[in-house]
Amino acid sequence: MTSLSGKLDPVVRPITAADVVEALGQGARDFQAQPLYGLGFAAIYVAGGLAVLACITVLGMSYLAYPLAAGFALIAPFVAGVFYEASRERERGRAPTLAGLRRAVTSHNQLGWMAFVTVFIFLMWMYQVRFLMALFLGLHASFTTLQQFIDVVLNTNEGLMFLAVGNLIGAALSALLFSLTVVSFPLLFDRDDVDFITAMITSVRAVIASPVPMLGWALTIVVVLVVSMLPFFLGLLVALPLLGHASWHLYRRVVEQMPQPQAVAPQGLDQGRTT
């Protein structure tokens with residue numbers, strides 16, 4: 001099958017739950033081998049989350065902490081790009097460098113389009129939260145504290161409906177984004193001959209080829225991210241590098257690598273050997 005770029009589509013292989021477990025083990029070993037990169041880049045992500053949390057608190061919009069935290073997880077695959085590249089360098093027997101990681105992130109034009117898709121779904125998530133608040137809690141619903149918001153959501157029929165419908169829509173958006181990105185981001189980091197649409201199609205094909213293991217991987221990501229966000233996002237210092245490195249190794253198991261071109265001997269040398 002030929003992609004939009006005119007090249008052959010990546011070949012997708014089915015995986016098992018054992019592949020997911022092994023990918024997590026390989027991710028943990030990558031993190032252990034190069035912890036400073038993982039902790040450093042994850043700290044930037046954590047600092048961003050804390051800054052957003054501080055801003056909404058100052059603005060009296062702390063009730064948005066939950067949907068923002070959930071939405072923040074949606075953009076994690078793009079942020080994890082540095083970990084894909086670090087794992088690839090270690091795979092090649094080379095130590096990652098800051099210059100190399102920066103070059104890898106900025107040199108792939110198609111990543112910008114994938115970032116747009118990710119941010120677009122994040123904005124859809126935030127808009128639907130505000131729409132559902134107006135629908136179930138009132139057009140001008142506003143809460144001065146997070147505790148007040150929690151009390152309304154958990155102790156009123158309207159709040160429970162808002163929570164149920166919001167979580168269902170959030171789960172649908174998360175499933176959509178997971179299907180589009182679980183393979184596409186590492187694929188674009190790995191191969192320059194693949195466009196972002198082909199990468200997303202390949203990612204969906206990978207999910208269809210192994211629905212149960214991929215569902216298990218998605219649930220693992222959700223549980224790890226939720227638990228790691230509880231202590232003021234600090235758990236992400238470990239969770240984000242671990243999942244990022246593991247995502248790379250799972251990609252390696254899902255998508256076959258391109259065969260390396262063999263060197264062709266000069267024609268004159270071939271003739272010399274046959275004469």
Side-chain angles (χ1 to χ4, degrees), residues 1-30 74 76-94 96 100-101 103-105 107-118 121 174-221 242-264:
M1 186 181 299
T2 304
S3 68
L4 295 179
S5 60
K7 307 291 180 63
L8 291 178
D9 278 343
V11 178
V12 171
R13 295 176 295 205
I15 60 171
T16 65
D19 291 304
V20 175
V21 174
E22 182 57 31
L24 278 169
Q26 290 176 301
R29 289 190 287 273
D30 280 356
L74 296 178
F78 178 69
V79 179
V82 292
F83 306 120
Y84 306 151
E85 183 62 21
S87 287
R88 183 169 70 162
E89 288 295 279
R90 185 165 182 262
E91 189 178 83
R92 295 173 173 177
R94 301 196 296 246
L101 295 177
R103 185 168 54 250
V105 173
S107 62
H108 298 280
N109 296 330
Q110 296 294 318
L111 285 174
W113 290 106
M114 281 304 306
F116 172 79
V117 172
T118 303
I121 293 180
S174 297
L176 172 64
L177 190 61
F178 174 82
S179 298
L180 294 176
T181 62
V182 62
V183 163
S184 57
F185 271 111
L187 176 59
L188 291 175
F189 269 92
D190 189 37
R191 289 174 52 176
D192 294 326
D193 64 324
V194 176
D195 57 87
F196 81 101
I197 295 179
T198 300
M200 289 192 295
I201 293 173
T202 302
S203 189
V204 173
R205 288 170 51 214
V207 172
I208 294 174
S210 308
V212 175
M214 283 298 187
L215 176 60
W217 177 233
L219 292 176
T220 299
I221 293 174
L242 173 63
L243 294 175
H245 290 306
S247 294
W248 172 261
H249 291 290
L250 190 66
Y251 154 74
R252 281 297 198 210
R253 292 169 178 271
V254 172
V255 178
E256 289 189 7
Q257 296 187 48
M258 286 286 290
Q260 296 297 321
Q262 297 181 354
V264 179

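Reckoned from all heavy atoms, side chains included, excluding hydrogens, waters and symmetry mates.
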Quiz item: How would you list, by chain and number, every residue that makes a side-chain hydrogen bond (donor to acceptor under 3.5 Å, both in side chains) with R13, sequence neighbours excluded?
Solution: none
Quiz item: Taking only residues two or more places apart in sequence or in another chain, which ones pass side-chain hydrogen bond (donor to acceptor under 3.5 Å, both in side chains) with R94?
Solution: E89
Heavy-atom closest pair, residues [X] and [Y]:
X    : Y    : result
V194 : A199 : CG1-N, 3.8 Å
Y251 : R191 : OH-CD, 4.5 Å
A209 : P14  : O-CB, 4.0 Å
H245 : S87  : ND1-OG, 2.7 Å
W217 : S247 : CZ2-OG, 3.4 Å

Please tabulate, one pair per line, all N/O donor-acceptor pairs under 3.5 Å involving side-chain atoms of residues 17-24, not counting sequence neighbours.
unit_1 : atom_1 : unit_2 : atom_2 : d
D19    : OD1    : R253   : NH1    : 2.9
D19    : OD2    : T16    : N      : 2.8
D19    : OD2    : T16    : OG1    : 3.3
E22    : OE2    : R29    : NH2    : 3.0

Say you draw a straight line from [atom1] of [X] to [atom2] of [Y]; how long is it, rounded to the nearest 0.5 Å?
X    : Y    : atom1 : atom2 : value
Q26  : W248 : CD    : CH2   : 12.0 Å
I201 : D9   : CD1   : CG    : 7.0 Å
D193 : L187 : CG    : CG    : 8.0 Å

Practice problem: Please lay out, stage by stage, how M214 and I15 fare under the test side chain to side chain contact (heavy atoms under 4.5 Å, CB included). | Solution: CA-CA 8 Å; M214 283 298 187; I15 60 171; 4.2 Å; yes
Quiz item: When the ring planes of F196 and W113 are compared, do they come out parallel, tilted or perpendicular, using 30° and 60° as the limits?
Solution: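 The arrangement is parallel - the two ring planes meet at less than 30°.
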Quiz item: Given V183 and M200, is the side chain to side chain contact (heavy atoms under 4.5 Å, CB included) satisfied, shown in steps?
Solution: CA-CA 8 Å; V183 163; M200 289 192 295; over 6 Å; no
Self-check item: Check: Y84 and F185 side chains under 4.5 Å, non-hydrogen atoms
Solution: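 They are in side-chain contact.
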Quiz item: I221 and F178: side chain to side chain contact (heavy atoms under 4.5 Å, CB included), yes or no, with the steps?
Solution: CA-CA 10 Å; I221 293 174; F178 174 82; 4.1 Å; yes
Practice problem: Tell me, with the steps shown, if V11 and V255 meet side chain to side chain contact (heavy atoms under 4.5 Å, CB included). | Solution: CA-CA 6 Å; V11 178; V255 178; over 6 Å; no
Quiz prompt | Passing option when V12 is tested against V254, V207, I208 for side chain to side chain contact (heavy atoms under 4.5 Å, CB included) | solution = V254
Quiz prompt | Contact list for residues 175-186, test side chain to side chain donor-acceptor pair (under 3.5 Å), sequence neighbours left out | solution = none
Self-check item: Partner residues of R252 under the salt bridge (charged side-chain N to carboxylate O under 4.0 Å, His left out) criterion, sequence neighbours left out
Solution: E91, D190
Self-check item: Residue pairs passing the salt bridge (charged side-chain N to carboxylate O under 4.0 Å, His left out) test where at least one lies in residues 208-221, sequence neighbours excluded
Solution: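 Checked against salt bridge (charged side-chain N to carboxylate O under 4.0 Å, His left out) - neighbours excluded - no pair reaches residues 208-221.
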Quiz prompt | side-chain contact (heavy atoms from CB on, under 4.5 Å) involving L176 - partner list, sequence neighbours excluded | solution =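 With sequence neighbours excluded, L176 shows a side-chain contact (heavy atoms from CB on, under 4.5 Å) to I121, L180, given in chain and number order.
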